[in-house]
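Have a look at the structure below, then the notes.
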Amino acid sequence: MQPCPCNAEKSYKNCCYLLHTKERKAQNPLELMKSRFSAYAMDLPDYIIETTHPNNPLYLNDKSKWKQSINESYSGVLFKKLEILEHTHNEDEGYVTFMATLEKLGQDISFQERSYFIFEHSNWYYLNGTLNTNK
């Protein structure tokens with residue numbers, strides 16, 4: 001049993017895999033955030049692209065260039081742990097504050113972020129995030 005990278009204490013197949021393969025949609029921002037973390041960990045840039053709102057500042061219309069950028073940015077990164085610090089949402093928008101413990105080439109590149117999500121066209125999307133540099 002391969003554990004899910006989102007630390008849900010479930011197997012990947014019974015957790016984020018279901019969203020990655022579109023067997024079901026994220027029901028709230030927390031589920032989407034966890035599935036996006038797992039997508040980065042599992043090297044699934046298409047899922048990251050599909051779940052990013054077009055108004056995100058990093059959004060690129062050239063999907064192949066964007067995919068290459070994601071692959072280059074996260075090559076060699078170990079996604080060690082995801083901690084959810086806070087989350088809230090209503091029917092249109094939500095926030096998730098989390099701590100991502102990451103390592104690249106032996107260096108700690110962990111960060112804390114408050115992510116903002118919106119609900120449009122029957123789907124949740126990541127719109128943007130604010131990094132907390134005082135982790």
Side-chain angles (χ1 to χ4, degrees):
M1 176 183 91
Q2 178 185 14
C4 194
C6 79
N7 294 321
E9 297 183 7
K10 297 180 186 175
S11 70
Y12 172 65
K13 187 168 181 141
N14 291 316
C15 195
C16 292
Y17 173 83
L18 301 171
L19 282 78
H20 294 162
T21 58
K22 300 179 185 156
E23 289 184 43
R24 69 177 194 83
K25 294 179 181 182
Q27 300 299 301
N28 54 56
L30 179 59
E31 276 193 351
L32 183 61
M33 196 266 120
K34 288 176 154 188
S35 70
R36 286 174 56 89
F37 179 88
S38 292
Y40 279 111
M42 303 292 291
D43 191 25
L44 301 171
D46 291 327
Y47 185 80
I48 299 301
I49 291 167
E50 292 166 9
T51 59
T52 302
H53 193 276
N55 290 343
N56 178 288
L58 300 176
Y59 190 92
L60 294 177
N61 286 322
D62 183 341
K63 303 297 186 266
S64 63
K65 184 176 180 182
W66 189 5
K67 186 175 177 175
Q68 180 182 355
S69 173
I70 292 169
N71 287 335
E72 288 172 2
S73 296
Y74 292 93
S75 175
V77 173
L78 296 174
F79 289 76
K80 299 175 93 174
K81 186 176 179 184
L82 174 65
E83 290 177 79
I84 304 302
L85 305 175
E86 182 179 71
H87 61 93
T88 183
H89 75 279
N90 60 33
E91 62 214 26
D92 299 327
E93 65 182 1
Y95 293 91
V96 178
T97 303
F98 66 93
M99 178 70 186
T101 304
L102 311 175
E103 187 178 294
K104 185 170 186 172
L105 302 174
Q107 288 196 357
D108 179 14
I109 58 168
S110 301
F111 65 93
Q112 182 178 317
E113 179 178 308
R114 184 172 194 245
S115 298
Y116 178 51
F117 299 86
I118 60 172
F119 190 73
E120 280 186 1
H121 313 292
S122 302
N123 290 297
W124 284 101
Y125 295 94
Y126 171 74
L127 184 61
N128 58 46
T130 305
L131 292 177
N132 178 354
T133 54
N134 301 324
K135 16 171 205 168

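Atom CG of Leu19 sits about 11.0 Å away from atom NZ of Lys25, to the nearest 0.5 Å. The line from OH of Tyr74 to CG of Leu102 is 7.5 Å long, rounded to the nearest 0.5 Å. Interatomic distance, Leu58 CG to Thr52 OG1, rounded to the nearest 0.5 Å: 8.5 Å.
In terms of heavy atoms, Ser110 sits closest to Thr101 at OG-CA, 3.2 Å. Here the closest heavy-atom approach between residue Phe37 and residue Ala100 is recorded as CE1-CB, 3.9 Å. A pairwise comparison of heavy atoms in Ser35 and Cys16 identifies CA-SG, 3.5 Å as the closest pair.
Of the N and O atoms on the side chains of Glu103 and Gln107, not one donor lies less than 3.5 Å from an acceptor on the other residue. Side-chain contact annotation: Ser69 with Asn71, donor-acceptor N/O pair under 3.5 Å absent. Remark: the Arg36 side chain and the Ser115 side chain contain no N/O donor-acceptor pair separated by less than 3.5 Å.
Under a 3.5 Å cut-off, the side chain of His53 and the backbone N or O of Asn55 do form a donor-acceptor pair. Put simply, the side chain of Ser38 gets close to the backbone of Cys6: a donor and an acceptor are under 3.5 Å apart.
The one candidate from Asn56, Thr51, Val96 that meets the side-chain contact (heavy atoms from CB on, under 4.5 Å) condition with Tyr126 is Asn56.
With contacts defined as side-chain heavy-atom distances shorter than 4.5 Å, the pair Gln2/Ser11 does not qualify. Contact check for Glu93 versus Glu120: no side-chain heavy atoms found under the 4.5 Å cut-off. Contact annotation: the side chain of Tyr116 never approaches that of Tyr125 to less than 4.5 Å [non-hydrogen atoms, C-beta and beyond]. You'll find the side chain of Thr97 reaches within 4.5 Å of the side chain of Gln112, heavy atoms only. For the pair Arg114 and Asn132, the minimum side-chain heavy-atom distance is 4.5 Å or more. Looking only at side-chain heavy atoms (C-beta outward), Phe117 and His89 stay at 4.5 Å or farther from each other. The side-chain heavy atoms of Pro54 and Tyr59, taken from C-beta on, include a pair separated by under 4.5 Å.
Tracing side-chain contacts under 4.5 Å through hydrophobic residues (I, L, V, M, F, W, Y), one reaches Met33 starting from Ile48; they form part of the same cluster. Taking hydrophobic clusters as Ile, Leu, Val, Met, Phe, Trp and Tyr residues chained together by side-chain heavy-atom distances below 4.5 Å, Met42 shares a cluster with Trp66.
Around CD of Glu23, the count of heavy atoms belonging to other residues, nucleotides or ligands within 6.0 Å exceeds 12. Taking a 6.0 Å sphere around NZ of Lys80, one finds it holds 12 or fewer heavy atoms contributed by other residues, nucleotides or ligands.
Looking at residues two or more places apart in sequence or on another chain, you find a ring-ring contact (aromatic ring centres under 6.0 Å, His included) between Tyr17 and Tyr12.
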**Q.** Lys104/Leu78 under side-chain contact (heavy atoms from CB on, under 4.5 Å): CA gap, chis, key distance, verdict
**A.** CA-CA 6 Å; Lys104 185 170 186 172; Leu78 296 174; over 6 Å; no

Q) Taking it one step at a time, do Tyr95 and Glu86 satisfy side-chain contact (heavy atoms from CB on, under 4.5 Å)? A) CA-CA 8 Å; Tyr95 293 91; Glu86 182 179 71; over 6 Å; no

Q: Please step through side-chain hydrogen bond (donor to acceptor under 3.5 Å, both in side chains) for the pair Asp62 and Ser64, ending with a clear verdict.
A: CA-CA 6 Å; Asp62 183 341; Ser64 63; 2.9 Å; yes

Q.
If you apply the rule side-chain contact (heavy atoms from CB on, under 4.5 Å), what do you find for Leu82 with Lys34, and how did you get there?
A. CA-CA 8 Å; Leu82 174 65; Lys34 288 176 154 188; 4.0 Å; yes

Q | Criterion side-chain contact (heavy atoms from CB on, under 4.5 Å) on Ile84 and Leu30, from CA distance to verdict | A | CA-CA 9 Å; Ile84 304 302; Leu30 179 59; 3.7 Å; yes

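Ion pairing between a basic and an acidic side chain is recognised when a charged N comes within 4.0 Å of a carboxylate O; Glu50 and Lys22 show such pairing. The pair Glu72-Lys67 does not meet the salt-bridge criterion, since no charged nitrogen lies less than 4.0 angstrom from a carboxylate oxygen.
Relative ring orientation between Trp124 and Phe119 is described as tilted, the plane-to-plane angle lying within the 30° to 60° band.
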